[in-house]
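The figures here come from the full heavy-atom set of this structure, side chains too, leaving out hydrogens, waters and symmetry mates. Quantities reported herein were computed from a predicted structural model and do not represent experimental measurements. Proteins come first, then strands; the chains are lettered A, B, ... in the order of their sequence lines, and each starts at number 1.
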2 protein chains.
Amino acid sequence: MASETVSELKRLKMSDIARLCGVSTSTVSRALAGSPLIQEATREMIIQIADANGYVINPLARGLRLQRTNTIGVVFPLGAITAQLISDPFFQQMLGHMVDEISLRGYQILVSKVTPPKPGWLRELIKAHRTDGMVVIGQSDQHAALNDAGQVYLPLVVWGAHLPDQQYCVVGLDNVAGGRMATEHLIAIGRRRIAFLGDPSPPEIEQRRRGYLAACKAAGLDVTDRLIVPAGFSPQQAEAAAERLLAESPDVDAVFAASDVIALSALHVLRRAGKRVPEDVAVIGFDDSAVAAHSNPPLTTVRQDLAQAARLMVDQLFQRLDGQPTDGVTLAPELVIRQSTVRS
Amino acid sequence: MASETVSELKRLKMSDIARLCGVSTSTVSRALAGSPLIQEATREMIIQIADANGYVINPLARGLRLQRTNTIGVVFPLGAITAQLISDPFFQQMLGHMVDEISLRGYQILVSKVTPPKPGWLRELIKAHRTDGMVVIGQSDQHAALNDAGQVYLPLVVWGAHLPDQQYCVVGLDNVAGGRMATEHLIAIGRRRIAFLGDPSPPEIEQRRRGYLAACKAAGLDVTDRLIVPAGFSPQQAEAAAERLLAESPDVDAVFAASDVIALSALHVLRRAGKRVPEDVAVIGFDDSAVAAHSNPPLTTVRQDLAQAARLMVDQLFQRLDGQPTDGVTLAPELVIRQSTVRS
DNA sequence: TCGCCCCCTGCAAACGATTGTCATTCCGTT
DNA sequence: AACGGAATGACAATCGTTTGCAGGGGGCGA
């Protein structure tokens with residue numbers, strides 16, 4: 001079309017098209033929406049003229065009128081305590097999958113990073129009405145805010161841990177089972193002094209630690225506090241934590257890290273301290289992120305299938321958009337054994 | 001506040017607040033916007049009542065009126081040819097950094113995945129007016145569309161390769177230099193039969209290949225076509241390509257992969273074929289993504305600093321939002337030597 | 001030729017904010 | 001006491017769609 005010239009970016013509204021077609025605005029609106037009220041011939045003529053002129057409906061005006069935006073919000077609450085960045089591979093992957101799943105359904109994605117959240121943050125986000133529904137990635141320390149909103153706002157799905165007094169829809173791994181599974185594996189290969197590396201303020205991590213404690217107790221291992229070291233999610237924080245662990249408990253023979261990134265940092269610190277992995281110290285991670293399979297040695301880890309998780313979350317969200325409540329899903333963790341753990 | 005009760009999610013508009021305050025809507029609007037026309041006392045009263053009632057301005061209505069949305073679009077055009085997914089670590093990281101940088105400036109992020117693009121896609125995206133500006137990640141095969149839009153739409157910044165007839169602002173690595181640098185390193189450690197693995201349809205990759213060819217030519221190596229194998233960006237495609245390479249050129253002694261993911265796949269295939277890396281075959285990647293440092297052996301690679309890249313892009317975009325054209329930036333690649341390449 | 005129905009199409013009122021223009025009030029001054 | 005002027009707040013138009021309602025015109029039967 002000759003119409004696609006350089007000057008063609010001027011704002012063109014529906015009434016302009018109407019004038020061009022010699023009909024009223026409402027007819028154009030109906031024609032573009034495919035309403036049966038409009039004669040087929042008229043419709044074709046209008047559509048033809050509309051896109052010859054490169055007309056695009058203004059979604060803001062449309063959204064204002066319809067109270068519907070065709071947009072899903074993906075929200076990352078980064079708690080005050082945890083310094084988890086969106087640059088953590090877990091979040092990156094989750095975001096990537098969310099984009100894939102949501103755009104597959106023809107919706108747009110509005111990403112919000114809330115850090116650190118103020119009391120009313122979630123309600124404010126909801127009341128802004130910029131999105132038709134919302135996915136929250138990770139509970140961080142915002143369980144109360146989620147409960148508060150979840151009771152009154154249906155189209156909300158949260159990735160995270162299942163908590164007892166929960167009023168919102170959660171899709172998440174059985175983190176207790178994951179923690180137990182990892183620890184039992186370490187015990188099974190003969191390790192006795194097993195450390196836990198991770199910051200337990202997000203409930204997911206807290207539950208992994210609970211699983212760890214349960215497995216230790218079941219095996220009759222006594223877990224001194226020195227073996228449980230809070231570790232942030234960044235490589236720097238994780239390395240510091242691993243060094244503290246080594247200093248306080250030089251005889252440790254296994255490390256269960258709350259994430260693969262932490263595990264890799266531990267690997268690094270251990271090697272630097274002259275420990276062999278897995279001979280002297282076995283290491284197990286969590287997530288099965290891309291790094292785990294290719295590390296040296298390849299990292300045993302607890303896998304969470306984020307592609308599937310994202311699909312489930314978006315499925316449930318769309319059910320909720322249709323007005324049907326959903327119950328959330330608990331996913332089963334899967335132990336992926338690689339070379340960072342072997343029998344001692 | 002007693003106001004934060006369960007039933008409080010009902011739509012509350014500015015006129016409601018006005019009624020509650022006993023003033024007109026315009027006064028509320030001005031008060032909330034901090035206009036000097038409103039008396040301080042009135043303003044405080046209004047603000048107090050507004051957030052006691054949990055009032056939140058409707059951004060759609062506001063955007064419609066102001067023709068400004070406080071939102072930046074982040075667009076991923078996935079070309080017809082390349083099957084690059086948003087789940088590639090490069091895209092994921094870039095998206096993560098974009099979210100960080102943009103939300104730092106108080107803007108929202110609208111993510112669009114365009115795949116495979118229809119002719120008018122970029123203009124349509126622009127004309128929708130949902131965003132105040134746009135960042136396009138990767139040119140894919142959409143140079144023409146970008147040129148078309150870039151001439152008339154100022155607030156647009158593209159990540160990618162610098163091309164001769166370019167009408168839009170590009171921030172990107174000097175990919176030719178990167179390719180040359182990688183290849184020269186392989187030559188310097190004594191390799192002679194150097195393969196290139198990568199799909200040259202995105203211009204970035206094409207330029208890396210150009211650098212590779214230039215370096216080979218300068219060193220007097222003859223590059224048979226058999227050594228240049230198109231490889232998709234997914235691990236599966238990359239493995240297939242690596243296998244093809246090995247089948248056709250069993251005597252290859254170095255591989256330059258267009259991305260770290262491809263390099264890791266090559267590593268895998270080589271190992272399976274009984275080749276030692278780096279003794280028999282040296283391998284070099286591109287990106288320095290998280291996997292590179294931790295692989296076995298750790299991967300020599302050409303680093304692009306995505307955090308800096310994201311910052312620069314967003315900086316330039318905001319200058320453009322202020323009406324000032326910008327020239328784009330060419331970033332210098334950096335060779336990161338690890339154990340996957342050593343002197344033969 | 002008239003009248004009746006049915007398709008179509010157009011009018012106008014929302015959706016929820018912002019802002020130029022103008023009326024009112026209140027003060028001080030002469 | 002009357003007037004000028006600053007300060008304050010209300011009115012109404014506007015951003016670009018959608019949609020309930022009503023009206024116009026054409027076809028068909030009588």
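By the 4.5 Å heavy-atom criterion applied to side chains, Ile109(A) and Lys113(B) are not counted as neighbours.
OP1 and OP2 of dG16(D) both lie 4.0 Å or more from every side-chain N or O belonging to Tyr55(A). One finds a side-chain N or O of Gln67(A) lying less than 4.0 angstrom from the OP1 or OP2 phosphate oxygen of dG16(C). Dashed line: the shortest gap from a side-chain N or O of Arg62(B) to OP1 or OP2 of dT18(C) is under 4.0 Å.
A side-chain donor-acceptor contact under 3.5 Å links Asp132(A) to the backbone of Thr69(A).
Screening residues 157-166 of chain B for side-chain hydrogen bond (donor to acceptor under 3.5 Å, both in side chains) gives His143(B)-Asp165(B), His162(B)-Thr330(B) as the qualifying pairs, with residues at least two apart or on separate chains.
Defining each end axis of the helix from dT1(C)-dA30(D) to dT30(C)-dA1(D) as the rotation carrying four pairs' C1' atoms onto the next four, with five pairs an end, the two axes are found to diverge by 60° to 10 degrees.
When the C1' atom of dC15(C) is taken as reference, atom CG of Asn58(B) falls 8 Å away, rounded to whole Å. Taking atom CG on Leu12(B) and atom P on dC15(C), their separation rounds to 14 Å, with Å as the unit. When rounded to the nearest whole Å, the span between CZ of Arg43(B) and C1' of dT8(D) equals 15 Å. In this structure, CG of Leu66(B) is placed 14 Å from C1' of dG16(D), rounded to the nearest angstrom. Counting to the nearest Å, the C1' atom of dT18(C) and the CZ atom of Arg65(B) are 4 Å from each other. In this entry the distance linking CD1 of Ile46(A) with P of dT17(D) reads 14 Å, nearest Å. In this entry the distance linking CZ of Arg11(B) with P of dA14(C) reads 16 Å, nearest Å. Atom pair Ile17(A):CD1 and dT17(D):C1' shows a separation of 14 Å (rounding to whole Å applied).
Remark: Lys13(A) does not engage Asp16(A) in a salt bridge, criterion side-chain N to carboxylate O under 4.0 Å. A salt bridge does not link Asp100(B) with Arg311(B): every distance from a Lys NZ or Arg NE/NH1/NH2 to an Asp or Glu carboxylate oxygen is 4.0 Å or more. Between Lys127(A) and Glu124(A) no salt bridge is recorded (no basic side-chain N to carboxylate O distance below 4.0 Å).
At the heavy-atom level, Ile57(B) lies under 4.0 Å from the strands shown only through sugar-phosphate atoms.
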Which is it for Val75(A) and Trp121(A) under the side chain to side chain contact (heavy atoms under 4.5 Å, CB included) test, yes or no, and what are the steps along the way?
-> CA-CA 11 Å; Val75(A) 185; Trp121(A) 66 275; 3.9 Å; yes
How far apart are the C-alpha atoms of Val314(A) and Tyr107(A), what are their side-chain angles, what is the distance that settles it, and do they pass the side chain to side chain contact (heavy atoms under 4.5 Å, CB included) test?
-> CA-CA 11 Å; Val314(A) 176; Tyr107(A) 274 64; over 6 Å; no
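A search for side chain to side chain contact (heavy atoms under 4.5 Å, CB included) contacts involving Leu104(A) returns Glu101(A), not counting sequence neighbours. Ser35(B) pairs by the side-chain hydrogen bond (donor to acceptor under 3.5 Å, both in side chains) definition with nothing, not counting sequence neighbours.
In this structure, a donor-acceptor pair under 3.5 Å is present between the side chains of Ser24(A) and Thr27(A).
When distances run from any side-chain atom of Leu64(B) to the nucleotides dG9(D), dT18(C), dC15(D), the shortest one goes to dC15(D). Comparing atom distances between the Lys13(B) side chain and each of dT18(C), dC15(C), dG9(D) picks out dC15(C) as nearest.
Here Tyr153(B) and Tyr168(B) keep their ring centres 6.0 angstrom or further from each other.
For the contact set between residues 30-41 of chain A and DNA chain D, defined by any heavy atom under 4.0 Å, the members are Arg30(A). Residues from residues 19-28 of chain B that place a heavy atom under 4.0 Å from any atom of DNA chain D, listed by number: Val23(B), Ser24(B), Ser26(B), Thr27(B).
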